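Here's the structure we're looking at; comments come further down.
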Protein chains: 2
Amino acid sequence: MLLLGAASALVDGINERVRAGGFTDLRPAHGFAFVRLAPDGATVVELAEHLGVTKQAASQMADELVRKGYVERRPHPSDARARLLTLTERGWACTRAADEAAIAVLQPWADALGPAQLSAVRTALSRLAVPGRIRPTW
Amino acid sequence: MLLLGAASALVDGINERVRAGGFTDLRPAHGFAFVRLAPDGATVVELAEHLGVTKQAASQMADELVRKGYVERRPHPSDARARLLTLTERGWACTRAADEAAIAVLQPWADALGPAQLSAVRTALSRLAVPGRIRPTW
DNA sequence: CAGATTGGTCAAGCTGCTTGACTAAATAGT
DNA sequence: ACTATTTAGTCAAGCAGCTTGACCAATCTG
């Protein structure tokens with residue numbers, strides 16, 4: 001219960017701050033998409049795998065993010081079937097805002113814990129967590 | 001990310017074991033309902049508040065649990081408007097199975113950590129978590 | 001270079017939730 | 001005591017996000 005409550009508070013806290021920063025048309029789920037798109041972009045199929053949904057659902061979310069100005073669909077450099085989804089400047093701005101929000105939420109917690117206990121928690125969590133699985137949607 | 005992954009792994013692990021125990025017609029969301037109904041039962045409105053959804057949605061879930069044989073609707077002892085939702089014997093059996101599953105998932109983790117670090121993690125999480133908020137549904 | 005695979009879209013449908021409107025029982029205000 | 005408001009619950013309609021199924025075009029394989 002503590003674990004779920006903490007995870008929930010973290011996501012809500014980040015989301016709230018991102019919204020307060022002017023990105024009111026995004027939900028936490030979009031953040032998970034940004035994580036995959038941020039480094040070098042991704043195809044719809046790759047995004048779908050990352051989010052754990054069908055490619056149709058991922059394509060739908062991509063449509064929404066394009067419509068809202070966070071993502072661009074550009075031709076894939078090496079595969080004429082595929083299209084590369086990349087962040088626009090606004091998409092990058094949102095990603096930066098989310099990073100800052102995450103730090104702002106976690107910082108007081110890290111301060112209160114001290115570095116030794118923090119790393120203990122970190123290793124403890126990594127033992128329980130399975131790498132690939134991020135998205136709940138229960 | 002670790003926190004989300006751990007929470008997700010925990011929920012999935014419990015759900016998987018509960019399903020393996022014969023309760024294949026339940027989702028993790030139902031577990032959150034059982035938590036509120038288990039001690040003494042609850043009304044639809046109380047269940048809705050606990051789950052963070054509208055009373056209509058809670059009523060709908062209650063219907064489903066009644067239909068599947070986990071919950072009973074009985075007249076409320078002190079309020080003729082209300083109906084008290086209580087667990088059936090099957091509901092209690094499922095609750096016990098879930099408790100055992102939770103222990104089974106967490107035990108190896110607790111063993112690996114040791115009691116001192118475990119309580120450190122516990123207090124750390126309780127500092128971040130907000131009591132009421134449990135349900136993500138992002 | 002035919003056959004199978006892969007990336008993406010279109011279309012239809014479902015599930016879990018929401019808002020809105022309403023009844024009946026309980027409570028509050030004179 | 002009696003009206004007015006609140007509260008518990010249901011019925012109905014609608015929506016958002018996801019699914020399955022079918023399909024086309026580009027790519028890979030033998």
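Keep in mind the model is a prediction, meaning the values are calculated, not measured. Computed from heavy atoms alone, side chains included, the values below leave out hydrogens, waters and symmetry copies. Sequence lines set the chain letters: A, B, ... in the order given, protein chains first and strands last, and positions in each chain run from 1.
In terms of the salt bridge (charged side-chain N to carboxylate O under 4.0 Å, His left out) criterion, B:Asp99 has no residue partners (sequence neighbours excluded).
A straight line from CZ of A:Arg74 to C1' of C:dG7 spans 19 Å, rounded to a whole angstrom. Taking atom CG of residue A:Leu26 and atom P of nucleotide D:dA16, one finds them 16 Å apart after rounding to whole Å. Put simply, CG on B:Asp25 is 12 Å from P on C:dG16, counting in whole angstrom units. The nearest whole Å value for the distance from the CZ atom in A:Phe32 to the P atom in D:dG17 is 15 Å. Here C:dT15 presents its P atom at 11 Å from CZ of B:Arg27, a figure rounded to the nearest Å.
Only A:Thr54, A:Gln56, A:Ala57, A:Gln60, listed by number, bring a heavy atom of residues 54-70 of chain A to less than 4.0 angstrom from any atom of DNA chain D. Taken residue by residue, residues 75-87 of chain A places heavy atoms nearer than 4.0 Å to DNA chain D at A:Asp79, A:Ala80, A:Arg81.
Within the 3.5 Å criterion, the main-chain N or O of B:Tyr70 finds a donor-acceptor partner in the side chain of B:Thr88. Checked by atom type and distance alone, the side chain of B:Ser8 never pairs as donor or acceptor with a backbone atom of B:Gly5 at under 3.5 Å. No side-chain donor-acceptor contact under 3.5 Å links B:Ser59 to the backbone of B:Gln56.
For the pair A:Val35 and B:Met1, the minimum side-chain heavy-atom distance is below 4.5 Å. Contact of the B:Glu64 side chain with the B:Val71 side chain is not registered, since no non-hydrogen atoms from C-beta on lie closer than 4.5 Å. Within the 4.5 Å cutoff, no side-chain heavy atoms of A:Trp109 are placed close to those of A:Leu10. Side-chain contact check for A:Leu65 versus A:Leu26: some heavy-atom pair is nearer than 4.5 Å.
Rounded to 10 degrees, the angle between the two end axes of the helix from C:dC1-D:dG30 to C:dT30-D:dA1 is 30°, with five pairs used at each end.
Within the structure, no pair that satisfies the side chain to side chain donor-acceptor pair (under 3.5 Å) test touches residues 14-24 of chain B, not counting sequence neighbours. Within the structure, salt bridge (Lys or Arg N to Asp or Glu O under 4.0 Å) pairs that include any residue of residues 78-89 of chain A comprise A:Asp79-A:Arg81, A:Glu89-A:Arg96 (at least two apart or interchain).
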Q: Please step through side chain to side chain contact (heavy atoms under 4.5 Å, CB included) for the pair B:Leu85 and B:Glu46, ending with a clear verdict.
A: CA-CA 10 Å; B:Leu85 303 169; B:Glu46 288 165 348; over 6 Å; no

